[in-house]
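The block underneath contains the structure these notes are about, expressed in structure tokens.
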Amino acid sequence: MTNPLFDTLFGRHIGQSTAFLHLEDGKTICHDAFLHTVSRYADTLIGAGLVTGDRVALQTDKSPEALAVYAACVQAGLVFLPLNTAYTPDEVAYFIQDSGASMFICQPDRRDQLSSIAQQAGAMLETLAADGTGSFPERAQFASADFVTVERHGDDLAALLYTSGTTGRSKGAMLSQNNLLSNAETLAKAWRFTDQDVLLHALPIFHTHGLFVACNVTLVAGGSMIFLPWFDLDVIVKNLPRATAMMGVPTFYTRLLDDSRFDADLTRHMRLFISGSAPLLAETHTRFEARTGHRILERYGMTETNMNTSNPYEGDRRAGTVGLALQGVDIIITNPETGKVLATNEVGMIELRGHNVFSGYWKMPEKTAEELRENGFFITGDLGRIDEDGYVHIVGRSKDLIISGGYNIYPKEIEQLLDLQPDILESAVIGVPHMDFGEQVFGVLVAQRGATPDLDQITAAICRSLARFKHPRKLFVVDQLPRNAMGKVQKNLLRAKYGT
Ligand code: MCA
Ligand code: AMP
């Protein structure tokens with residue numbers, strides 16, 4: 001094999017006229033047509049002067065062409081860097097600079113806003129719209145559809161995915177071909193995906209869940225996807241009878257359960273519903289089964305590790321657990337202070353090792369050393385226990401993290417911005433329960449002595465700098481933050497106070 005990831009996901013479908021993507025407007029795209037586009041995109045990237053290992057950043061709406069950019073990067077030996085479309089220019093600037101991306105592909109309507117960022121970072125700027133038009137596809141029109149796949153090895157870098165950190169500075173998780181491929185193969189087998197599967201795909205493709213779990217698993221199995229631009233309840237209800245499987249964050253399933261059209265009859269054709277990225281309430285699991293007869297299969301993963309555990313396909317899918325370690329993944333629970341391995345059912349830090357685990361953070365050797373042990377175990381920051389049957393239970397997090405609708409939000413990043421605002425002495429950002437998103441963001445502010453902060457001005461500053469999903473939905477001004485004897489802010493008390 002010359003390029004294991006490309007050959008296994010894409011190359012073996014060359015020449016196949018079977019449908020691969022079913023679009024909302026009724027059109028379908030077969031493997032061969034898709035791979036022609038991929039080949040032309042790969043040729044365009046190399047023709048633009050990019051060389052093996054260069055990074056290509058993409059911040060565009062979901063489309064078959066956006067997926068083709070990912071495949072083209074793999075084929076051309078480039079490192080794919082997808083970015084959430086909600087990120088503001090401030091946020092994007094950091095990713096482009098830090099990664100040293102050689103090319104940045106954005107939406108045409110954001111070109112003017114982003115051109116100086118690309119210029120400062122020395123990245124070429126191209127555009128791609130949701131309808132497949134833009135300067136990048138225009139350049140690719142006359143490129144070769146017979147691109148010769150660039151040789152890559154399993155340990156070579158395939159993707160760079162940024163994940164926010166507890167220090168407020170995002171870290172680029174370096175994912176190799178082997179990390180992605182081994183996980184896709186393991187999952188396809190564990191979840192019994194075949195070429196008969198039709199996955200209802202409504203997740204974004206700029207994160208692990210929608211891209212590596214959903215797309216890679218379908219590609220490995222040779223199945224097809226109903227490829228929707230986003231989660232729209234009516235469109236999901238319309239398409240469910242054509243699908244065999246669905247992957248989603250818990251919000252997808254609670255929204256479906258709130259709709260009376262969602263019942264056993266509508267889901268008769270489905271063989272599997274998978275949930276992940278955030279905790280699925282045991283109550284949602286139970287309601288789902290009562291309504292449809294299907295037991296949701298919950299799994300657990302991270303950007304740095306792809307997927308780690310899954311409830312069994314055959315066997316007991318236990319509500320409130322994330323299931324068993326996947327094949328090839330070792331999981332231990334350790335004492336967070338000493339690192340000593342704990343016994344069955346004892347709660348501690350979840351650590352894991354396997355082919356799925358990333359090789360480190362981009363240009364951050366000290367951060368890598370803090371989280372990735374020399375023996376290969378990755379310290380997840382999730383707290384949990386493993387029961388006597390091997391099921392992993394996540395009971396909390398040692399990292400200060402909010403998960404809202406499946407998106408991760410690190411309070412530190414927001415607090416750093418709030419602390420810089422006029423008249424603000426300090427702040428604490430907390431996650432409080434939310435019916436739809438699981439958690440939502442609140443900000444608690446302490447004013448400088450004698451000052452009255454202008455909350456509208458602060459909100460405007462947040463809007464300029466941070467993606468919408470990170471915005472505190474409420475800001476409160478208090479006299480002081482509760483602290484423990486060590487001086488640490490007691491966020492649990494704030495959550496108890498404002499969570500109701
Ligand atoms: C949208 N908004 C949000 C979120 N999504 N606010 C907080 N959290 C969110 N997740 C904002 C919108 O900008 C809008 O702002 C308002 O909330 C209401 O939007 P609404 O129309 O209700 O939301 P939506 O557009 O329907 O989106 C909700 C969603 C979406 C479908 C749940 O967030 C989504 O697709 N989430 C999936 C995330 C995901 O793929 N995560 C995987 C990460 P305004 O007030 O201005 O109108 S990978 C991962 O975590 C690991 C590896 C793993 O294990 O998978
Ligand atoms: P990310 O940084 O986006 O990769 O998110 C990874 C984090 O999401 C994990 O460390 C967990 O805290 C959380 N997570 C993912 N799947 C689950 C799940 N099924 N249940 C609870 N938490 C989850």
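These figures come from a predicted structure and were not determined experimentally. Quick note: numbers below take in every heavy atom, side chains included, and nothing from hydrogens, waters or symmetry partners. Indexing begins at 1, ligand by ligand and atom by atom, following the structure's order.
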Can you find an N/O atom of T303 closer than 3.5 Å to an N/O atom of ligand 1?
-> no

More than 12 non-hydrogen atoms from neighbouring residues, nucleotides or ligands closer than 6.0 Å to CD on Q113, yes or no?
-> yes

Would you mind checking which non-hydrogen protein atom is closest to atom 33 (O) of ligand 1, with the distance to 0.1 Å?
-> Y407 CE1, 3.5 Å

Can you name the residues that come within less than 4.0 Å of ligand 2, going by heavy atoms only?
-> T163, S277, A278, P279, E298, R299, Y300, G301, M302, T303, V322, D382, I394, R397, K399, I403, N408

If only atom types and distance count, is the side chain of T88 paired as donor or acceptor with the main-chain N or O of S465 below 3.5 Å?
-> yes

Which atoms from ligand 1 have a heavy atom of H207 less than 4.0 Å away?
-> 43 (C), 48 (S)

Given H471, H207, H209, the one that forms ring pair (Phe, Tyr, Trp, His ring centres under 6.0 Å) with Y407 = H207

Measure the CD1-SG distance between I458 and C463 for me, rounded to the nearest 0.5 Å.
-> 12.0 Å

Kindly list each side-chain donor-acceptor pair under 3.5 angstrom involving residues 488-496, sequence neighbours excluded, with atom names and distances?
| unit_1 | atom_1 | unit_2 | atom_2 | d |
| --- | --- | --- | --- | --- |
| K491 | NZ | D400 | OD2 | 2.6 |
| K491 | NZ | E415 | OE2 | 2.5 |
| K491 | NZ | V429 | O | 3.0 |

Ligand-side contact atoms (ligand 1) for residue partner F231, heavy atom cut-off under 4.0 Å = 31 (C)

To the nearest 0.5 Å, tell me how far I331 CD1 sits from F377 CZ.
-> 9.0 Å

Which pairs, with at least one residue in residues 429-444 and sequence neighbours excluded, count as a side chain to side chain donor-acceptor pair (under 3.5 Å)?
-> R255-D436

Decide yes or no for L372 and V357: does some side-chain heavy atom of the first lie under 4.5 Å from some side-chain heavy atom of the second?
-> yes

Flag: protein heavy atom within less than 4.0 Å of atom 35 (O) of ligand 1 = yes

the protein heavy atom lying closest to atom 19 (O) of ligand 1 turns out to be F437 CZ, 4.3 Å

For ligand 1, is any non-hydrogen atom under 4.0 Å from F252's backbone (N, CA, C, O), its side chain (CB onward), both, or neither?
-> side chain

Establish whether atom 28 (C) of ligand 1 and some protein heavy atom are separated by less than 4.0 angstrom.
-> yes

Atom 21 (O) of ligand 1: protein heavy atom closer than 4.0 Å?
-> no

Nearest protein heavy atom with distance in Å, relative to atom 47 (O) of ligand 1 = R468 NE, 4.7 Å

Do any heavy atoms of P204 fall under 4.0 Å from ligand 1?
-> yes

Against heavy atoms of G405, which atoms of ligand 1 measure under 4.0 Å?
-> 10 (N), 32 (C), 33 (O), 36 (N), 37 (C), 38 (C)

Taking only heavy atoms of R473 into account, list the atoms of ligand 1 that are under 4.0 Å away from them.
-> 6 (N), 11 (C), 17 (O), 45 (O)

Non-hydrogen atom of Q440 closer than 4.0 Å to ligand 1 = no

Atoms of ligand 1 less than 4.0 Å from F469 heavy atoms?
-> 3 (C), 4 (C), 6 (N), 7 (C), 8 (N), 9 (C)

Atom indices of ligand 1, in the order listed, that fall short of 4.0 Å to a heavy atom of M302 | 52 (C)

Only counting residues at least two apart or in another chain, list the ones meeting salt bridge (Lys or Arg N to Asp or Glu O under 4.0 Å) with R261.
-> D234, D259

Can you tell me if W230 has a non-hydrogen atom under 4.0 Å from ligand 1?
-> no

Contact bool for atom 3 (C) of ligand 1 (protein heavy atom, d < 4.0 Å) | yes

Close N or O approach (G406, ligand 1; < 3.5 Å) = yes

Atoms of ligand 1, numbered as shown, that sit under 4.0 Å from any heavy atom of L203 = 40 (O)

Applying a strict 4.0 Å limit to heavy atoms, is R255 in contact with ligand 1?
-> yes

So how far is it from L157 CG to S359 OG, rounded to the nearest 0.5 Å?
-> 6.0 Å

With respect to atom 9 (C) of ligand 1, which of P250, S404, G248 exhibits the smallest heavy-atom separation?
-> S404

Six-ring centre of Y361, K171 cation under 6.0 angstrom, axis tolerance 45° = yes

For ligand 1, is H434 a contact, meaning one of its heavy atoms is under 4.0 Å away?
-> no

Residue, atom and distance of the protein heavy atom nearest atom 55 (O) of ligand 1 read S277 OG, 2.6 Å

Short N-O contact, K470 and E91, less than 4.0 angstrom | yes

Atoms of ligand 1, numbered as shown, that sit under 4.0 Å from any heavy atom of G301 | 54 (O)

